[in-house]
Amino acid sequence: MTIDRMPRDKGSEVHGIFQKIAGYYDRMNWVMTLGRHEKWCREVAARVAPPAGGQLLDLATGTGVIALAAARRYPTATVTGADFSEEMLRRARTKPGANRVRWQHADATDLPFEDESFDGITEGYLLRNVSDLDTVLREQHRVLKPGGRMVILETCPPSGITKPVMNWGVRTVVPLLGQMVARDRSSYSYLESSTLAFESPQQIARMLKELGFKDIGWRKKFFGTNVILWATKSR
Ligand SMILES: C[S@@+](CC[C@H](N)C(=O)[O-])C[C@H]1O[C@@H](n2cnc3c(N)ncnc32)[C@H](O)[C@@H]1O
């Protein structure tokens, strides 16, 4: 089966992809974003701004880039990095500063945390990988304290007059880089198709508002191909 087709069980298909690409994930990210990914992760960490001594969750932490940036920025906070890929977590645990983060195996569709456990939630590139967006956002709303902030880094489907050019660019460049850097064209064909098919920031903002978030905003990055969104859970 080709993984760029819509899988019947998207969760286990996505899990398989991340288990497979964990070893070259950071390198590919660097190449695809021309080194900007780490900077965006630092911005995500800066925007979540938990109170001193607060609890922070980095969901879909992967190799832990956002969780580690948050742990560095907020030395008094307790940072939990959660992901359902054991291989991605294994890589995260080997990085400098990893002992400052609690690494936890968790599925974003059924979080193993009590209601209102966290002062802030961050996540990078989770939402376009899940089939039930509503459940995943609901779970985050449940575990976030009232007044807590959520900051999301995501890819963004091209829009406006540059859309045809950007569509072509994403379709062509991403799988090609996957082939050249990782020798894995099929996993990165999945990335290309999930990016182009994903919701716009406006649609995500609408969903967040319906769930009870306020003060919603976003800023696009890198010719509109990536976006950082933020929102606060109403008190
Ligand atoms: C593209 S990586 C992003 C990693 C990291 N946040 C970053 O910005 O580099 C997406 C991560 O989401 C995780 N993921 C996808 N679906 C998930 C789910 N249902 N529950 C938990 N993690 C999930 C994958 O295992 C993978 O590590």
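All residue numbers in this chain count up from 1 along the given sequence. Both counts, for ligands and for their atoms, begin at 1 and track the order of listing.
Checked by atom type and distance alone, the side chain of Asp107 never pairs as donor or acceptor with a backbone atom of Phe84 at under 3.5 Å.
Using a 4.0 Å cutoff on heavy atoms, Thr61 counts as a contact of ligand 1.
In terms of protein heavy atoms, atom 20 (N) of ligand 1 is closest to Ala108 N, 2.8 Å. The protein non-hydrogen atom at the shortest distance from atom 8 (O) of ligand 1 is His37 NE2, 3.0 Å. The shortest contact between atom 9 (O) of ligand 1 and any protein heavy atom is with Tyr25 OH, 2.8 Å. Of the protein's non-hydrogen atoms, Asp107 OD1, 3.1 Å is the one closest to atom 19 (N) of ligand 1. Remark: minimum distance from atom 22 (N) of ligand 1 to any protein heavy atom is reached at Phe84 N, 3.3 Å. The shortest contact between atom 11 (C) of ligand 1 and any protein heavy atom is with Asp83 OD2, 3.7 Å.
The environment of CD in Gln19 is crowded: more than 12 heavy-atom neighbours from other residues, nucleotides or ligands sit within 6.0 Å. By the neighbour-count criterion of 12 heavy atoms within 6.0 Å, atom NZ of Lys39 is sparsely surrounded, having that number or fewer from other residues, nucleotides or ligands. Arg93 CZ: more than 12 foreign heavy atoms inside a 6.0 Å radius. More than 12 heavy atoms of other residues, nucleotides or ligands sit less than 6.0 Å from atom CD of Gln202.
Contacts between Ala82 and ligand 1 below 4.0 angstrom, taking non-hydrogen atoms only, are absent altogether.
Within the set Ala60, Gly64, Ala67, the minimum heavy-atom distance to atom 4 (C) of ligand 1 is found for Ala60.
Across all their heavy atoms, Pro201 and Lys220 have their closest contact at CG-CE, 4.1 Å. The heavy-atom pair separating Thr80 from Val101 by the smallest distance is C-CG1, 4.3 Å.
A salt bridge links Asp26 with Lys95: at least one charged nitrogen is closer than 4.0 Å to a carboxylate oxygen. For Glu43 and Arg47, the salt-bridge test passes: some basic side-chain N is under 4.0 Å from an acidic carboxylate O.
Residue Glu123 has no N or O atom closer than 3.5 Å to an N or O atom of ligand 1. Residue Tyr125 places no N or O, backbone or side chain, under 3.5 Å from any N or O of ligand 1. When only interatomic distances are considered, the shortest N/O to N/O separation between Gly124 and ligand 1 falls below 3.5 Å. Backbone and side-chain nitrogen or oxygen atoms of Val14 are examined, and none is located within less than 3.5 angstrom of a nitrogen or oxygen of ligand 1.
Near Gly62, meaning under 4.0 Å from any of its heavy atoms, are these atoms of ligand 1: 4 (C), 27 (O). For ligand 1 and Leu126, the ligand atoms under 4.0 Å from any heavy atom of the residue are 14 (N), 15 (C), 16 (N), 17 (C), 23 (C). Near Ala106, meaning under 4.0 Å from any of its heavy atoms, are these atoms of ligand 1: 20 (N), 21 (C).
Side-chain atoms of Asn226 and Arg36, non-hydrogen and from C-beta on, never get closer than 4.5 Å to each other.
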